[in-house]
Amino acid sequence: MAAKPDRKTALRVLGTLEETYPDAHCALNYSNPLELLVATILSAQCTDVRVNQVTEGLFRRYPDAAAYAGADLSALEEEIRSTGFFRNKARNLVACGAALLERHGGEIPRTLEALTALPGVGRKTANVVLGNAFGLAEGLVVDTHVKRIAGRLGWTRHSDPERIERDLCALFPREKWTQASHVLIFHGRQICKAPTPLCTLCPVLSDCPRIGVTRSR
DNA sequence: ATCCCGAGGG
DNA sequence: CCCTCTGGAT
């Protein structure tokens, strides 16, 4: 049996990560909820740097939900082509604009349920928007980095992101969820990488179950 | 070849 | 749980 995650240890780890990465923040740094939503939709399998480049011009041409709803699909595809998965993303952005108009008067809804009901918006994107645009996080942002770290630290034994999120929510108080997402993602990108973590540089190595199991450099 | 702050469908 | 969708950087 895997030892169940120790809440006290987990909180200590999180505290250390917060001290180590005081500037950890959302890589898609948009206070406008629509911009954040669009940027996050575009971020699938794409670097945040490229998303920021692409969205820079995009927001001028598509300032609101109506602009996406009425967009020319193939033109939008071309504009976001370099972010990958561009056909899915363009179709979703247009459908999303229409859904925002029909269901929410062109505004961005503020609940997980309403956000995930939008085309192309899953749990991860919804949590990013809720936490960073509204300060109303209903959970943690579980991306590939958070998945990996939660597994390595023994915080979860699940692989399904929804169940991982449940485990992490149980581990940390609600007011820490958004910042926890940021430091975990930052740590995952800089240190606890896949497949080779830079353990010699890791600030929470002494609390990591992988000591003695995994070699690193 | 492998990775990038995923979503939706089988 | 699996698979597909896609381009760009390293």
Side-chain angles (χ1 to χ4, degrees), chain A residues 14 17 21 23-31 33 35-58 68 73-74 76-100 109 112-133 137-152 156-166 168 177-198 216-217:
Chain A
L14 183 60
L17 292 178
Y21 314 121
D23 301 324
H25 61 281
C26 186
L28 293 327
N29 204 357
Y30 305 100
S31 51
E35 293 185 354
L36 181 58
L37 178 66
V38 171
T40 309
I41 288 173
L42 293 181
S43 74
Q45 289 304 100
C46 177
T47 61
D48 52 329
V49 176
R50 182 161 302 278
V51 171
N52 287 328
Q53 287 171 188
V54 169
T55 52
E56 195 174 331
L58 208 61
Y68 285 101
L73 186 56
S74 45
L76 185 54
E77 283 181 355
E78 286 314 307
E79 292 176 291
I80 66 172
R81 173 180 280 276
S82 68
T83 67
F85 298 161
F86 62 94
R87 277 181 279 262
N88 287 339
K89 288 173 181 175
R91 182 171 16 89
N92 285 148
L93 286 176
V94 173
C96 208
L100 287 172
L112 188 66
E113 194 185 2
L115 280 165
T116 52
L118 297 170
V121 180
R123 240 189 139 67
K124 185 264 178 181
T125 299
N127 278 151
V128 167
V129 172
L130 285 173
N132 298 290
E138 291 185 33
L140 275 85
V141 174
V142 179
D143 71 342
T144 55
H145 299 296
V146 176
K147 273 187 217 170
R148 187 173 65 249
I149 294 177
R152 285 178 177 173
T156 185
R157 39 186 181 129
H158 297 293
S159 54
D160 171 39
E162 190 167 342
R163 272 179 276 191
I164 293 177
E165 191 184 336
R166 236 181 278 153
L168 297 189
W177 288 351
T178 296
Q179 191 56 23
S181 304
H182 293 157
V183 296
L184 289 174
I185 290 165
F186 193 85
H187 182 59
R189 297 178 73 177
Q190 306 299 320
I191 306 292
C192 198
K193 305 189 197 183
T196 316
L198 308 178
S216 69
R217 188 156 45 99

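What you see below is based on every heavy atom in this structure, not just the backbone, and it leaves out hydrogens, waters and symmetry mates. So that the names make sense, note that chain A is the first sequence line, chain B the second, and so on, each numbered from 1.
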Exercise for the section: Would you please name every residue forming a salt bridge (charged side-chain N to carboxylate O under 4.0 Å, His left out) with A/E138, sequence neighbours left out? Expected result: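 Not a single residue meets the salt bridge (charged side-chain N to carboxylate O under 4.0 Å, His left out) criterion with A/E138.
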
Problem - Contact list for DNA chain B against residues 38-50 of chain A - heavy-atom distance below 4.0 Å - result: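 Those residues whose heavy atoms fall under 4.0 Å from DNA chain B, taken from residues 38-50 of chain A in numerical order, are A/S43, A/A44, A/Q45, A/C46, A/T47, A/D48.
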
Taking atom [atom2] of [N] as reference, at what distance in whole Å does atom [atom1] of [X] sit?
X: A/R87; N: B/dA7; atom1: CZ; atom2: C1'; answer: 17 Å
X: A/K193; N: B/dT2; atom1: NZ; atom2: C1'; answer: 13 Å
X: A/K147; N: B/dG6; atom1: NZ; atom2: P; answer: 8 Å
X: A/R148; N: B/dG6; atom1: CZ; atom2: P; answer: 11 Å
X: A/N88; N: C/dG7; atom1: CG; atom2: P; answer: 11 Å
X: A/F86; N: B/dA7; atom1: CZ; atom2: C1'; answer: 17 Å
X: A/L140; N: B/dC5; atom1: CG; atom2: C1'; answer: 13 Å
X: A/Q53; N: C/dA9; atom1: CD; atom2: C1'; answer: 11 Å

From C-beta outward on [X], which listed nucleotide comes closest to its side chain: [options]?
X: A/I185; options: C/dG7, B/dC5, B/dG6; result: B/dC5
X: A/S82; options: C/dT6, C/dG7, B/dA7; result: C/dG7
X: A/K124; options: C/dT6, B/dC4, B/dG6; result: B/dG6

Handout entry: Side-chain heavy atoms of A/L168 within contact of A/V146, under 4.5 Å
Key =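 Yes, their side chains come closer than 4.5 Å.
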
Handout entry: Heavy-atom side-chain contact between A/P197 and A/R152 under 4.5 Å
Key =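 A side-chain contact under 4.5 Å exists here.
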
Practice task
Give one of base, sugar-phosphate or nothing for A/H25, where a contact means two heavy atoms less than 4.0 Å apart.
Solution key: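 Base contact.
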
Exercise for the section: Pick base, sugar-phosphate or nothing for A/R81, based on heavy-atom distances below 4.0 Å to the nucleic acid. Expected result: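 Result for A/R81 = sugar-phosphate.
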
Practice task
Keeping the roles fixed (side chain from A/K89, backbone from A/G84), state whether a donor-acceptor pair exists under 3.5 Å.
Solution key: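 Side chain of A/K89 to backbone of A/G84, a donor-acceptor pair under 3.5 Å: yes, one is there.
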
Are any protein N/O atoms closer than 3.5 Å to N/O atoms in nucleotides 8-10 of chain B? If there are, list each pair with its distance.
{"unit_1": "B/dG8", "atom_1": "OP1", "unit_2": "A/G120", "atom_2": "N", "d": "2.7"}

Problem - Salt-bridge present (A/R189, A/D48; N to O < 4.0 Å) - result: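 Salt bridge present between A/R189 and A/D48.
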
Practice task
Considering only NZ, NE, NH1 and NH2 on the basic side and carboxylate oxygens on the acidic side, decide whether A/E165 and A/R123 come within less than 4.0 Å.
Solution key: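 Yes, charged N to carboxylate O under 4.0 Å.
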
Handout entry: Whole-angstrom distance between B/dT2 and C/dT6, as gauged at atom C1'
Key =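 The answer is 15 Å between these two C1' atoms.
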
Problem - Inter-nucleotide P distance (C/dT4, B/dC5), Å rounded - result: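 Going atom to atom, P in each nucleotide, I get 23 Å.
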
Exercise for the section: Could you tell me whether the side chains of A/N132 and A/H25 share a donor-acceptor contact shorter than 3.5 Å? Expected result: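 There is no such pair between these side chains.
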
Practice task
Classify the side-chain pair A/T40/A/Y30 by whether it contains a donor and acceptor separated by less than 3.5 Å.
Solution key: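 A/T40 vs A/Y30: no donor-acceptor pair found between side chains.
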
Practice task
Starting at CG of A/L115, measure out to CD of A/E113 and round the result to the nearest 0.5 Å.
Solution key: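 These two atoms lie 10.5 Å from each other.
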
Problem - Least distance between heavy atoms, A/I80 atom then A/F86 atom - result: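 Heavy-atom minimum between the residues: CD1-O, 3.6 Å.
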
Exercise for the section: Would you please confirm or rule out a distance under 4.0 Å between OP1 or OP2 of B/dC5 and any side-chain N or O of A/R189? Expected result: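 Result: yes.
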
Practice task
Using the aromatic ring of A/F85 (for Trp, its six-membered ring), decide whether it stacks on the base of C/dG7 within the limits of 5.5 Å and 30°.
Solution key: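 Stacking between A/F85 and C/dG7: absent.
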
